[in-house]
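The structure under discussion appears below in the form of structure tokens.
A, B, ... follow the sequence lines: proteins, then strands. Residue 1 opens every chain. Keep in mind that what you see is a predicted model, and the values were worked out from it rather than measured.
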2 protein chains.
Amino acid sequence: MSADARTDAKPSGRSSIRDPDNNRRALIAATLDTIAEIGITDTTVSKIIQRAGLSRGMIHLHFGGKNQLLAAAAKSFAEEYFTEMDKLVQQAGNDPESIVMAVVRADLGDVLMNERSTRIWHAFRGAANTNGSIALFSSTRDKRLRTTIHTAFKTIAKDYGDEDDSILARDATFGLLALLEGMWVDYLSNANEFSRDVATSIIRRFIKGLFPHHF
Amino acid sequence: MSADARTDAKPSGRSSIRDPDNNRRALIAATLDTIAEIGITDTTVSKIIQRAGLSRGMIHLHFGGKNQLLAAAAKSFAEEYFTEMDKLVQQAGNDPESIVMAVVRADLGDVLMNERSTRIWHAFRGAANTNGSIALFSSTRDKRLRTTIHTAFKTIAKDYGDEDDSILARDATFGLLALLEGMWVDYLSNANEFSRDVATSIIRRFIKGLFPHHF
DNA sequence: ATACTTAATGGACGATCGTCCATTTCAAAT
DNA sequence: ATTTGAAATGGACGATCGTCCATTAAGTAT
């Protein structure tokens, strides 16, 4: 065995002391954790670098400033959400009914909806009005997700031969997303009293009201 | 007539230059306006007193500090909302159906739901996690409003002789409030595309799904 | 070995934060 | 008129904010 431990220290390895990408990620993670813990108002450069265990100048070095770090954190947070959502939805069946309920269960599940994420979500939403760079990544759910739900509801709506097929599907999409948003607010307000099962069954009940032969 | 013009300058009069109560209200109004305009993060003591046209020390004089002023502003904002809501609901008929729809129309009407109020609402909600004194006044809608809706739905639910009367009413209450919350988020995200009529008809459709013989 | 590029450091900087209080102003009571 | 007490003022204060950069350390190429 001529291979020694140092040989595999390729550029792509993690053994190096220096690791800009890792530090970049650490700063974003520290930012999100700080926001979740003490709120975006009290999230300062000092608190972030202290939590990340990095030096003061690194925020300016890697992001150019605090605001750009916040924007990057918002983007990263949104990407995490949609990546996880995609994963969970793809595990569902192919029939529209399963897809819709997979979205509901994913959005209300503890992976996506928890104290940390609801706090971060609302912190960014509150800040999005004035900070345009944050607003881009916190628009009401993702376009892709909206399309997924809309497509599923359009398929279902065809089973109800009424003339307002498309309006029904649009209303169901709009309403479902609003319901999910409202559940997040409710969870944020009192996480201890909130029941995921109750929330899920309520949403199912509302959807079933629109599509009595399904759900 | 021994009464001269000065006699009626009672403590409750408004003729005086000094008017502590008015200044107190002015500070709260300036705080809310500032939050709506530039966000709670950038809302500073200097910005508030500048907008109110008052002197620097007045915040400490009347409220004891910035945080207490914010709490008072949150309380005032919530009270405004519920006062207006009460007014609009009382103008409605006495049948449960009218009451529910009155709540919906009030919550989605331009008096209660507008850019200013949705921004303030979400700013406070985002800050409520860390600031307990704010949290008290921004709990998911008011208890009284919740009771009003719940009572109406219980009456309606009795017409559907199923055994899950109370669960149905509970679900309808929970779901309606979540829907309304979600609509506020949607309005905040893109106020220009938002349609109050569409939102109202969607909510009515969802409720009608639960109570097909009504709405 | 040496030169060169990039990553990382942490202190200095002016600006601004919220708080506080000595002082002044006003209005009612005497 | 004079006294008394509350309302209002605005500058001073230390603390902290975010930014920036001269310097050091680490990794790569010659």
Problem set entry | B:Glu37 bridged to B:Arg51 by N-O distance under 4.0 Å | yes
Problem set entry | Minimum heavy-atom distance A:Leu54-A:Ala26, with the two atoms named | CD1-CB, 4.4 Å
Exercise. What is the minimum heavy-atom distance between A:Arg116 and A:Ala36, and which atoms define it?
Worked result: CG-CB, 3.8 Å
Problem set entry | Atom-pair distance (CZ on A:Arg56; P on D:dA22), nearest Å | 18 Å
For this session: Could you check how far CD1 of A:Ile40 sits from P of D:dC17, rounded to whole Å?
Result: 15 Å
Exercise. Under 4.0 Å between a side-chain N/O of A:Ser46 and OP1 or OP2 of D:dC17, yes or no?
Worked result: yes
Problem set entry | Integer-rounded Å distance: D:dA7 P and B:Ile49 CD1 | 20 Å
Exercise. Within this structure, what is the CD1-to-C1' distance between B:Ile48 and C:dT19, rounded to whole angstrom?
Worked result: 14 Å
Exercise. Once you round it to whole Å, what is the distance between P of D:dA7 and CZ of B:Arg24?
Worked result: 12 Å
Exercise. What nucleotide among D:dA8, D:dG18, C:dT9 has an atom nearest to a side-chain atom of A:Met58?
Worked result: C:dT9
Exercise. Should B:Asn67 be listed as having a side-chain N or O under 4.0 Å from OP1 or OP2 of C:dG18?
Worked result: no
Problem set entry | D:dG10 OP1/OP2 closer than 4.0 Å to side-chain N/O of B:Ser55 | no
Exercise. Under 4.0 Å: is that the gap between some side-chain N or O of B:His60 and OP1 or OP2 of C:dC20?
Worked result: yes
Exercise. Got a donor-acceptor pair under 3.5 Å from the side chain of A:Arg18 to the base of C:dA8?
Worked result: no
Problem set entry | Residue whose nearest DNA chain D nucleotide is more 5′ - A:Gly64 or B:Leu61 | B:Leu61
For this session: Give a yes/no on whether any side-chain N or O of A:His62 is located under 4.0 angstrom from OP1 or OP2 of C:dA8.
Result: yes
For this session: Could you check how far CZ of B:Phe63 sits from C1' of C:dC20, rounded to whole Å?
Result: 18 Å
Exercise. Could you state the NZ-P distance from B:Lys47 to D:dC17, rounded to the nearest angstrom?
Worked result: 16 Å
Exercise. Quick one: B:Ile59 CD1 to C:dC21 P, roughly how many Å, whole number?
Worked result: 17 Å
Exercise. Of the non-hydrogen atoms in B:Arg56 and B:Ser46, which two are nearest, and what is the gap between them?
Worked result: NH1-OG, 3.3 Å
Seminar exercise, completed: Note: for B:Pro20 and A:Lys66 on DNA chain D, the residue whose nearest nucleotide lies more 5' is B:Pro20
Problem set entry | Approximate separation, where rounding is to 0.5 Å, of B:Leu179 CG and A:Phe206 CZ | 5.5 Å
